[in-house]
Trainee: 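To start, I am sharing the structure in question, which I have written as structure tokens.
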Amino acid sequence: MYKIWQLTKPSETLTAIFGLLIAQGLLIHGLLLTTTDLNWWEDGRPVPFPDAAAYERSQEGLPY
Amino acid sequence: MAEKYNLTGMSDEEAKEFHSIFMPSMYGWFTLVVGAHILTHLRFPWI
């Protein structure tokens, strides 16, 4: 199996692998962020601090 | 077939040395990726 490095140059192979993996990662992350179900930036989790604090105050019956 | 061609000029020893670094690195990357997917699925299950 090691003889593959006598057919393809290691430097060019590594450059190609890094380039493809980076492009693939950016593509998949971008696609997920364009969806509604799988967007982890705008799904409201975890609950933002002001909303969580307001909920806790309302549970304790505080008027403010 | 591969025995007949040496397009990169690497010796057997050089090819073996690079291969001995490349393969554990690749499996390490696969392990990292699988672990990241497991953690992500625990937090945000998509199936």
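Numbers restart at 1 for each chain; the letters A, B, ... are given by sequence-line order, proteins then strands.
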Trainee: Quick check on the structure: residues of residues 18-31 of chain B within a heavy-atom distance below 4.5 Å of chain A, by number.
Mentor: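 Listed by number, the contacting residues are F18(B), H19(B), F22(B), W29(B).
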Trainee: Under the ring pair (Phe, Tyr, Trp, His ring centres under 6.0 Å) test, which residues partner H37(B), sequence neighbours left out?
Mentor: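 With sequence neighbours excluded, H37(B) shows a ring pair (Phe, Tyr, Trp, His ring centres under 6.0 Å) to no residue whatsoever.
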Trainee: Step by step, would you call L31(A) with L27(A) a side-chain contact (heavy atoms from CB on, under 4.5 Å)?
Mentor: CA-CA 6 Å; L31(A) 283 172; L27(A) 174 69; 4.1 Å; yes
Trainee: Any chain of hydrophobic side-chain contacts (each under 4.5 Å) joining I47(B) to L39(B)?
Mentor: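 Different hydrophobic clusters.
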Trainee: Which one, K16(B), E14(B), E17(B), leads in non-hydrogen pairs under 4.5 Å with chain A?
Mentor: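 The residue among K16(B), E14(B), E17(B) with the greatest pair count is K16(B).
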Trainee: What part of D43(A) lies closer than 4.5 angstrom to a heavy atom of chain B: side chain, backbone, both or neither?
Mentor: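 Side chain only.
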Trainee: Side chains of K3(A) and Y5(B): closer than 4.5 Å at any heavy-atom pair?
Mentor: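 They are not in contact (no side-chain heavy atoms under 4.5 Å apart), so the answer is no.
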Trainee: Could you give the side-chain donor-acceptor pairs of residues 7-21 of chain A under 3.5 Å, partners two or more places apart or in another chain?
Mentor:
{"residue": "T8(A)", "atom": "OG1", "partner": "I4(A)", "partner atom": "O", "Å": "3.4"}
{"residue": "T8(A)", "atom": "OG1", "partner": "T13(A)", "partner atom": "OG1", "Å": "3.3"}
{"residue": "T13(A)", "atom": "OG1", "partner": "K9(A)", "partner atom": "O", "Å": "2.7"}
{"residue": "T15(A)", "atom": "OG1", "partner": "S11(A)", "partner atom": "O", "Å": "2.8"}

Trainee: Donor-acceptor pairs under 3.5 Å, side chain of residues 49-57 of chain A to any protein atom, not counting sequence neighbours: which ones?
Mentor:
{"residue": "R57(A)", "atom": "NE", "partner": "Y64(A)", "partner atom": "O", "Å": "2.9"}

Trainee: Are T40(B) and W46(B) close enough that some pair of their side-chain heavy atoms sits under 4.5 Å apart?
Mentor: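 Contact flag for T40(B)/W46(B) side chains = yes.
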